[in-house]
Each structure stands twice: as structure tokens, then as C-alpha cells.
Novice: 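A single structure is presented below for examination.
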Amino acid sequence: MLDSSEKVLQRKLIFNPEGAREASERRVINGNPTNIIELNNIKYAWAFDLYKTMGFSNFWIPEEIPLMEDKKQYERVLSDYERRAYELVLSFLIALDSFQVDMLKDFARMITAPEIEMALTAQEFQESVHAYSYQFILESVVDPIKADEIYNFWREDERLRERNEVVAEVYNEFIRKPSQENFIKAVIGNYILESLYFYSGFAFFYTLGRQGKMTNTVQQIKYINRDELTHVTLFRNMILSLQKEQPELFTPEIKKWISEYFKYAIDQEIKWGQYVTQDQILGINNTLIDRYIKYLGNLRVTQIGFQPLYPEITENPMKWIDDFRKINNTKTDFFQRKPQTYAKANELKW
């Protein structure tokens, strides 16, 4: 008998008349669905709730946040270090959401519970909105030549190229060899991407916003951050459900890999955040980045049932971010202008 490292994960059929109809028989993977989306009975209520939140409550349009003032500040107010960090962070965020738009399709093909697949399709749409948001930011703030350079920084910047390759490799391994083990690794990679790899960049933008700089770019980032928290919750719940339904997939070797990969990812994110900011941005420094990312790493890994990797770090060194990122705590009149179009939820609680 093949173990999980060798057993191929089969894509579900488009229509399977011999599939099980009962919601109680649904599984995250390795189920036997008819592939008819029956929602009169739901097994994974959390997935259906997230689908509705992502699809309807958290909808937003990038163009509704004007960026002309940010363009002036980018040209006249930002320091050279701030401008460099602004460009590098955007370049990496563009890559992250680009990878997600494609990879979520591969996850969805293997998921055998329709309500989870629906949530993944809603996430994919949000990732596309994020990609469009970055394009709108670049179109509004920088000149076309610089925008093209930012999209292609990875071709010239070895650090950024390495980051992209590290993020993508765990996905590519599943695409090359769609085994159950590689699926688990790809899901963990997604969870880390959503819950960790965005966050030194978010912290940089919030540091600028706290000083009254690039506030409408920061407003776009707040919406993206809110979306990402729903994505974190989606994959966290998928991982917890997989652990419950198919504990045999989480062998001692896989558990060891998860802890080691988390530690590696934390180290990579710290080094990237420090490389981006060069310890030259007012309000954020190398020590804060180190402790903040380790704090987040502890939080994320314990939320899927593992021990903290840095037990000495128990408090968020940048607590102000939790309040600053809330959508309603904005200095613009954005909601007053379009109250009928946008939900006013502050942030996802989990």
C-alpha cells in the first residue's frame, strides 16, 4: 500500500452519479462527491459563512479610493528609503497575489466539499481584486516607466527573486507531483503565505500611514489586509478539519516538516522586512520587525495545533497595528461617500 507521500490525490470528476449525497459524508479531500452543489445541507458551516463574507460583505472597488494626494507625497514627501521600500513591498505583494490567483484553482480541483470549494472561488476573486488594486496604485502614483520596473523588480533584485522562488516552490512541487503529502505541504505553504508573508509589508505601510503619509495607499492595504484575514481563517479551518478527518496524513515526518518550514518562513520574512526597510524608516526598525514576525509566527502556528517556536516572545511589539488597520478608523470620508456599497465590518475576529 502506498503511503501519503506517494499516493496521488485524484481530481474529482465533473459529474459523479455514484457519489454520496449526504452532507455528513463530505470530506475536505478524498471524499466521493456527486459534484452537484447542494446547499440545503451544509457540513462545513464556517466555509459557507466565509464564502458569503468574501463574496458579498467585503466587496470593494480600488478606484473608489483616490490616490492623487499620495502621488504628490511619493514625489515630494517620502524619503529615498521610504520610496524604495514602497516600491519593493508592492512588487512582492503583486507576486504573492499573482501566485494565489492561479494556485487556488488547483486547491479547488482537489476539494470534495462544495461549500469549501465555493469559499476558495470567492478567495480567488478577491486575490484578483488585490492584483488590480496594485495596478491602480502604480497607475495613480508612479510614472509608467517606474510602474513597469516595479512589476519586474524580481528580474533584477536577487533577494526578491529568491523570495518569489521560495514561496512558489511548495506550490510547484504539488503541481509536479500531486501526492497527498505534497497537498498538505502546499496547504501549509498557503497558510503561511496568507498569514505571514504579507505582514512586514503591511507593517511598513501602516508605519507610513501612522505618520500621515500615503494614507490612501494605506486605505487600499487595509482592505487587502481584511481580505487576507478571511483567507487565513479559511485555510486554518481546512487544516484543522484535515487533522480531524484524516490524522494519518499528519505523520511525525510531516509534523516535523511543518514546524521546520514555519521557522524557515519566519526567518525569511524577517530578513526580507529588514532588507526592505534598511533600518532607515521612522517608526519601524530591525528589532521590531524581528519580534513582530516571530510573534505572528507563534500565533499562526499555535492556531493549527503546534507549539510556539519562540516561547520567549509572548506579546505583540507593535500592538498599535491592531487598532490602526481597522477599516472604520480612517481619516477619509470614504464610507460617507459610498455607504450603500461597502460593508462596515472592522475586521475578522478569530
Side-chain angles (χ1 to χ4, degrees), residues 54 58 60 62 85-108 120 122-138 147 149-175 185-206 217-218 220-236 238 261-262 264-277 289 292-293 296-297 300 325 348:
M54 288 187 282
N58 286 0
W60 59 287
Y86 183 90
E87 294 165 4
L88 273 173
V89 169
L90 280 175
S91 191
F92 185 47
L93 296 184
I94 287 166
L96 291 179
D97 281 313
S98 298
F99 299 158
Q100 293 298 78
V101 169
D102 200 35
M103 188 61 198
L104 287 164
K105 296 179 179 69
D106 285 274
F107 285 128
L120 289 170
Q123 179 183 343
E124 183 186 340
F125 173 75
Q126 287 192 327
E127 306 292 13
S128 298
V129 172
H130 300 171
Y132 179 46
S133 176
Y134 302 136
Q135 187 275 335
F136 179 68
I137 290 171
L138 294 181
E149 289 176 0
I150 291 170
Y151 270 113
N152 287 279
F153 271 164
W154 62 269
R155 299 181 187 274
E156 307 295 334
D157 190 298
E158 291 184 4
R159 292 280 190 94
L160 179 56
R161 183 185 178 106
E162 181 184 4
R163 287 244 68 192
N164 290 352
E165 288 176 341
V166 166
V167 172
E169 184 56 25
V170 72
Y171 286 172
N172 285 338
E173 279 301 304
F174 175 70
I175 291 169
K185 289 181 176 180
V187 166
I188 294 294
N190 182 95
Y191 179 67
I192 289 173
L193 185 157
E194 297 285 3
S195 68
L196 198 66
Y197 286 155
F198 283 96
Y199 282 82
S200 67
F202 287 167
F204 162 72
F205 279 119
Y206 293 152
T217 298
V218 172
Q220 301 256 10
I221 295 299
K222 287 183 179 183
Y223 282 106
I224 293 170
N225 194 168
R226 182 186 65 180
D227 292 346
E228 301 304 350
L229 284 173
T230 62
H231 308 165
V232 173
T233 304
L234 171 57
F235 273 81
R236 170 180 175 262
M238 283 174 56
Y261 192 69
F262 249 99
Y264 173 74
I266 290 165
D267 181 65
Q268 289 292 307
E269 182 64 9
I270 290 168
K271 288 179 179 178
W272 171 251
Q274 293 173 343
Y275 171 69
V276 164
T277 61
I289 290 171
Y292 179 58
I293 298 304
L296 284 178
R300 305 314 190 195
R325 73 181 179 203
L348 190 69

Novice: Who passes ring pair (Phe, Tyr, Trp, His ring centres under 6.0 Å) against Tyr197, sequence neighbours left out?
Specialist: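 Tyr197 satisfies ring pair (Phe, Tyr, Trp, His ring centres under 6.0 Å) with no residue once adjacent residues are dropped.
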
Novice: State, to 0.1 Å, how close Asn164 and Ala95 come at their nearest heavy-atom pair, and which atoms those are.
Specialist: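 Where Asn164 meets Ala95 most closely, the heavy atoms are OD1-CB, 3.4 Å.
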
Novice: Under the side chain to side chain donor-acceptor pair (under 3.5 Å) test, which residues partner Arg159, sequence neighbours left out?
Specialist: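 Arg159 satisfies side chain to side chain donor-acceptor pair (under 3.5 Å) with no residue once adjacent residues are dropped.
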
Novice: At their closest point, which heavy atom of Ile137 faces which heavy atom of Gln220, and how far apart are they?
Specialist: CD1-CB, 4.2 Å

Novice: Classify the angle between the aromatic ring planes of Phe107 and Phe174 as parallel (below 30°), tilted (30 to 60°) or perpendicular (above 60°).
Specialist: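 Geometry flag for Phe174 against Phe107: parallel rings.
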
Novice: Any side-chain donor paired with an acceptor under 3.5 Å for Asn58 and Tyr223?
Specialist: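 Not at all, the side chains of Asn58 and Tyr223 share no donor-acceptor pair under 3.5 Å.
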
Novice: Looking only at heavy atoms, which two atoms of Ala265 and Ile192 are closest? And how far apart?
Specialist: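 Closest approach of Ala265 to Ile192: CB-CG2, 3.6 Å.
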
Novice: Quick check: closest heavy atoms across Phe198 and Leu93, and the distance to 0.1 Å?
Specialist: CD2-CD2, 3.3 Å

Novice: Under a 3.5 Å threshold, yes or no: a donor from one side chain and an acceptor from the other, between Tyr171 and Asp106?
Specialist: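 Asp106 and Tyr171 do not have a side-chain donor-acceptor pair below 3.5 Å.
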
Novice: With sequence neighbours left out, which residue pairs that include part of residues 96-105 fulfil the salt bridge (Lys or Arg N to Asp or Glu O under 4.0 Å) condition?
Specialist: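 Qualifying pairs: Lys105-Glu124.
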
Novice: What I want to check is whether the side chains of Asn152 and Arg155 have a donor and an acceptor closer together than 3.5 Å.
Specialist: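 There is such a pair between these side chains.
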
Novice: Verify ring pair (Phe, Tyr, Trp, His ring centres under 6.0 Å) between Phe205 and Tyr86, making sure each step is shown before the conclusion.
Specialist: CA-CA 8 Å; Phe205 279 119; Tyr86 183 90; 5.6 Å; yes

Novice: Which heavy-atom pair separates Gly273 from Ser200 by the least distance, and what is that distance?
Specialist: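 Residues Gly273 and Ser200, closest heavy atoms: CA-OG, 3.7 Å.
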
Novice: Before giving the answer on salt bridge (charged side-chain N to carboxylate O under 4.0 Å, His left out), spell out for Lys271 and Asp267 the whole-Å C-alpha distance, their side-chain angles and the decisive distance to 0.1 Å.
Specialist: CA-CA 6 Å; Lys271 288 179 179 178; Asp267 181 65; 3.2 Å; yes

Novice: Where does the angle between the aromatic ring planes of Tyr199 and Phe202 fall among parallel (under 30°), tilted (30 to 60°) and perpendicular (over 60°)?
Specialist: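 Rings of Tyr199 and Phe202: perpendicular, as their planes differ by over 60°.
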
Novice: Hey, are Gln126 and Glu228 close enough side-chain-wise for a donor-acceptor pair under 3.5 Å?
Specialist: no

Novice: With a 3.5 Å cut-off and no angle check, do the side chains of Gln123 and Glu194 form a donor-acceptor pair?
Specialist: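 Yes, side-chain donor-acceptor contact under 3.5 Å.
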
Novice: Considering non-hydrogen atoms only, spot the tightest contact between Leu90 and Ile150 and give its length.
Specialist: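 Taking every non-hydrogen atom into account, CB-CG2, 4.5 Å.
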
